[in-house]
Amino acid sequence: MSSKEQSAMASAGSSSSSTEISDSMLRRMAGQSVNKAGLKKDQSEINKIIAEASKGSKFYENEREKDEKLGIQIMKLLDKRDRLLKEGVDLRRLERECDTFIQRIESQRDLSQTIVHVDMDAFYANVELLADPTLEGIAFGVGTGVLTTASYEARAYGVRSGMPVFVAKKLCPHLRMVPATFNSYGEYSGKVMEVFRRFDPNMAKVGMDEAFLNLTTYIQEEREKDGTGQESENAMHKRRERIVRTIRETCKKVTGLTVSAGIAPNKMLAKICSDINKPNNQYILPFTRQAVLDFTRTLPIRKIPGIGRVSERCLEALGVITCGDIITKRAELHLLNYGVIELLKAGLGATSNVVEAGRREDRKSVGCERTFREKSKREELIAIVEDVAEELTETLQKLEYTGKTLSLKYKTHDFKLHTKSHTLQHGEYKTRDSIQTWALKALEESLPLKLRLLGLRVNQLRDLRKKGGLEQYFTNPSHSRKLHEDDEEAEGADFNNAIILDSDEDLEDSEAAETEQVERAINGSPFNDAITNAASSTAVPFASKQETETTHHPMISCPICSRTFPSSTTNQDLNAHIDVCLSKDTIQQLSSRRSSPILGSSESVSSTGEKSVGSKSANKRSRRDIPTNKEDEEDYDFLRPPTSRNHSTTSSSASVSPTVTSSGGSSNKKSKNVLMGTKEAPRNPFAFMKR
DNA sequence: GCGGATCAC
DNA sequence: TATGGTGATCCGC
Ligand SMILES: Nc1ccn([C@H]2C[C@H](O)[C@@H](COP(=O)(O)OP(=O)(O)OP(=O)(O)O)O2)c(=O)n1
Ligand SMILES: [Mg+2]
């Protein structure tokens, strides 16, 4: 049993070449393998060229070390699994427990929202193309030293984001490079977002070139305007496609840039779909449970946002390659305290469909870092820190934030990363001096170092544009500034008020309590003092409000079959119907191909004229009280038991958090991601999909 | 609160 | 010869 996985894990050297580059290293060095369309060469050949070009470098050595440690951690993970199984853990019980989770997830599945993920094609590259038409149709990359992105012509050679130029040129000798012009990307980003916002004023921007839109309201309004009543699923399907095509065309018309899109009932699926027909195209997933399950069953877990190279390898070692495997292996995942519930949600394609605009005060940090040729001379390093501190200060002031925590980041010549941070008890980081003073101190006490990167970052921010103090607590969320209403790029540095009070608390480690000064300056009026001081003492100024939204759910509909009901329907009736639907046995449908009423009519139909998306507030909860569960909405409650379970079975010996034991220095540290979890505490890499 | 680590863009 | 910058989150202490 374990022999099979053992071959799957680690390197299982199948490399036939004389050199000994393991499979895992080949894959590690090759970023995203776009295996999609016409690559000029075989992906495995490309991977070999990449690794070959890097071999021997410090970078490569560092990667190899990390790879080796990961292999060890994975082996420990498998050992732990085998040990628990040998000790007689009841897998079937775990499986039943997972089935309960699945039932709950299913009961909350919501197909009622039309979610779209829009993603600009080769964004930086296409912006450069607008400025320089001679780039049309040729292979080129954007950046210096490392590519931020590449034209699709270049991608055909295996050239990708994050790849160093010298490697890219090995893959594509005629590759042309153009330097990045970040300001222009910001400007175009602004224009693009403006277009998206026409279709969903609440659009959620994700980075400079992508966004989530909830088109449900737009669609509803359009239908009302048309006088169109309830539509067949087929008609809805076409309407969605048409509207998204319009969005993309408008974007192209207004900005000259092409965009791809994914249309699905929730964010994760929409995001995955936007990639399917890239570039300059779209993909829509039918809004039926069966279509979603068919889609996810064979979907590689690596496509799940949040599952990166490391998680992919860990899961692969457990035999989990596709989302369908998540279901199949659910008991083992549960046993190992992997974040089963989040994995199951992803595997079932039942994730968050809440789209809300980001807010300025949501920002958590502002930083600045610089890579340079190896340096170890004290004065040189000091000069760099001073330089970085100055730039960071300028950025902070322009953006109008201050922060309580400052961290210094440095990378040694052999690519090992480190950070040191300091949190002020009273004051705030705001001036160049307060920042630089601590940064230099931190650097000096680490000093004998040969470095290639230095950076500074301020955390625990306070938004100076937002009313400080307790009022935040009572102010209506809608009053908070949307992230787009200004901020970065475009826009000349609008001078800041006279907030320049300088509160160099930290200078002598004295931590003066000039917070008062700062606050006063910010709030301008002394009337605020009482509130302000109280707030700062309770850390409220930095608090962000809680949304506590459950999944979007404007109408009452069966979460399994989508059938809608009048809002007058009682919970009892609804639950009765849900039980019927669930009784079909979710698991079975997952593993069996079982065709289904595709976009057919059978579903949806009976709308009983329950229109009104407007009555949104109607039913906020999608799960109308399931079986016997506690009140908690918290997934982790289900994962708690694991620890006790694991050990209860084995009693003492279980060695609570054994395996890891830290082998010298930072070594074992793999603990990070799920697996290594010496203990329970499953990791939750899916913030993105979380409610 | 700190430091390491993973992930995304 | 040679491997970026910004920001977020999670985990174990
Ligand atoms: N490691 C990375 C990845 C991306 N970017 C920047 C450049 C990209 O143009 C932009 C958007 O990232 P995407 O992942 O969306 O990639 P592209 O838009 O370039 O290509 P596409 O979306 O068509 O795959 O972010 C970056 O600086 N560094
Ligand atoms: Mg893009």
Side-chain angles (χ1 to χ4, degrees), chain A residues 29 31-32 50 53-54 56-63 66 69-70 73 119-120 123-124 142-149 161-170 180 182 185 189 205-210 271 302 304-314 339 342 358 362-374 388 391-392 395 404-409 411 415-425 442 452-453 455-461 488 657 660 662 665-688 690:
Chain A
M29 300 300 293
Q32 285 246 315
I50 295 172
S54 303
S57 66
K58 286 177 177 176
F59 178 84
Y60 182 88
E61 272 312 297
N62 185 247
E63 291 299 306
K66 288 196 287 187
K69 285 178 183 164
L70 178 57
Q73 290 305 318
D119 186 329
M120 306 304 294
F123 186 52
Y124 291 4
V142 179
T144 50
V146 168
L147 281 73
T148 58
T149 194
S161 288
M163 184 177 280
V165 176
F166 77 93
V167 171
K169 294 241 186 196
K170 278 203 162 46
F182 296 100
Y185 311 145
S189 177
K205 175 178 164 179
V206 182
M208 279 188 131
D209 87 321
E210 56 192 82
K271 182 167 174 68
R302 182 64 162 83
I304 299 171
I307 301 291
R309 290 206 210 104
V310 172
S311 300
E312 178 187 31
R313 262 193 77 187
C314 295
E342 295 305 321
D362 288 339
R363 181 187 271 260
K364 304 289 191 304
S365 70
V366 174
C368 173
E369 65 189 62
R370 203 152 292 165
T371 290
F372 44 84
R373 292 198 317 276
E374 293 182 2
V388 169
E391 188 176 321
L392 175 56
T395 305
K404 301 177 64 171
T405 302
L406 176 63
S407 59
L408 172 77
K409 167 176 165 180
K411 193 190 289 177
F415 289 88
K416 304 241 179 290
L417 263 174
H418 300 273
T419 60
K420 285 178 179 290
S421 66
H422 180 64
T423 302
L424 296 177
Q425 293 306 310
R452 69 177 342 265
L453 172 149
L456 289 171
R457 177 163 296 270
V458 173
N459 294 296
Q460 306 223 54
L461 301 182
E488 31 247 82
S657 48
V660 190
S662 98
S666 59
S667 60
N668 84 354
K669 266 41 202 84
K670 248 64 234 130
S671 62
K672 184 268 169 256
N673 180 2
V674 192
L675 40 160
M676 335 320 237
T678 62
K679 299 169 87 134
E680 67 305 331
R683 170 174 158 71
N684 169 12
F686 310 104
F688 158 93
K690 277 199 79 162

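Every chain is numbered from 1 and lettered A, B, ... according to where its sequence line falls, protein lines coming before strand lines. Since the model is a prediction, treat every value here as computed from it, not as a measurement.
Remark: A:F372 pairs with no residue by the ring pair (Phe, Tyr, Trp, His ring centres under 6.0 Å) rule, at least two apart or across chains. Under the rule for a ring pair (Phe, Tyr, Trp, His ring centres under 6.0 Å), A:Y60 has no partner lying at least two apart in sequence or in another chain.
Heavy atoms of A:V366 sit under 4.0 angstrom from primed sugar atoms or phosphate atoms, though from no base atom. Within 4.0 Å of A:G308, counting heavy atoms only, lie sugar-phosphate atoms of the nucleic acid but no base atom. Residue contacts for A:S57: at a heavy-atom cut-off of 4.0 Å it reaches a base atom on one of the strands shown. Using a 4.0 Å heavy-atom criterion, one finds that A:K58 contacts no nucleic acid atom at all. Within the 4.0 angstrom heavy-atom criterion, base atoms lie near A:G162. Among the heavy atoms of the strands lying under 4.0 Å from A:R457 is at least one base atom, whether or not backbone atoms are also near. Within 4.0 Å of A:M120, counting heavy atoms only, lies no atom of the nucleic acid at all. Across all strands, A:R373 comes closer than 4.0 Å to no nucleic acid atom at all (heavy-atom distances). Residue contacts shown for A:G367 are limited to sugar-phosphate atoms, with no base heavy atom under 4.0 Å away.
Computed from coordinates, the A:L408 CG to B:dG4 C1' distance equals 15 Å when rounded to whole Å. When the C1' atom of C:dG5 is taken as reference, atom CD of A:E369 falls 5 Å away, rounded to whole Å. Atom NZ of A:K409 and atom C1' of B:dA5 are 12 Å apart (whole Å). Atom CG of A:L417 is separated from atom P of C:dG7 by 16 Å (rounded to the nearest Å). In this structure, A:R309 places its CZ atom 12 Å from C1' of B:dA8, rounding to the nearest Å. Taking atom CD1 of residue A:I304 and atom P of nucleotide B:dC7, one finds them 12 Å apart after rounding to whole Å. Remark: P of C:dG7 and NZ of A:K205 are 12 Å apart, rounded to the nearest angstrom. Residue A:L424 contributes atom CG, which lies 10 Å from atom P of B:dG1 at whole-angstrom precision.
With C1' as the reference atom, B:dC7 and C:dG4 are 16 Å apart, rounded to whole Å.
Minimum atom distance to the side chain of A:R363 is reached by C:dG7, of the listed C:dG7, C:dT3, B:dT6. Residue A:S421 places its side chain closer to B:dC2 than to any other of B:dC2, B:dG4, C:dT3. Among the nucleotides C:dG7, C:dG5, B:dC2, the one closest to the side chain of A:T405 is B:dC2. In the set C:dG4, C:dT3, C:dA8, C:dA8 carries the atom at the smallest distance from any side-chain atom of A:K364. In this structure, the nucleotide among B:dG4, B:dC9, B:dC7 sitting nearest to the side chain of A:K271 is B:dC9. Here the nucleotide nearest the side chain of A:F166, chosen from B:dC9, B:dG4, C:dT3, is C:dT3. Among the nucleotides C:dG4, B:dC2, B:dT6, the one closest to the side chain of A:H422 is B:dC2.
Salt bridge status for A:E374 with A:K58: present, with a side-chain N to carboxylate O gap under 4.0 Å. Between A:K271 and A:E210 there is a salt bridge, since a side-chain N of the basic residue sits under 4.0 Å from a carboxylate O of the acidic one.
Distances shorter than 4.0 Å separate some side-chain N or O of A:T423 from OP1 or OP2 on B:dC2. Distances shorter than 4.0 Å separate some side-chain N or O of A:T371 from OP1 or OP2 on C:dG5.
The 5' end of DNA chain C is approached more closely, in terms of each residue's nearest nucleotide, by A:R370 than by the other of A:R370 and A:S365.
Closest of all the heavy-atom pairs between A:F415 and A:N62 is O-OD1, 3.6 Å. Nearest approach of A:G308 to A:R302, heavy atoms of both residues: C-NE, 3.5 Å.
When each of A:L406, A:V366, A:T405 is paired with A:N459, the side chain to side chain contact (heavy atoms under 4.5 Å, CB included) condition holds for A:T405 and for no other.
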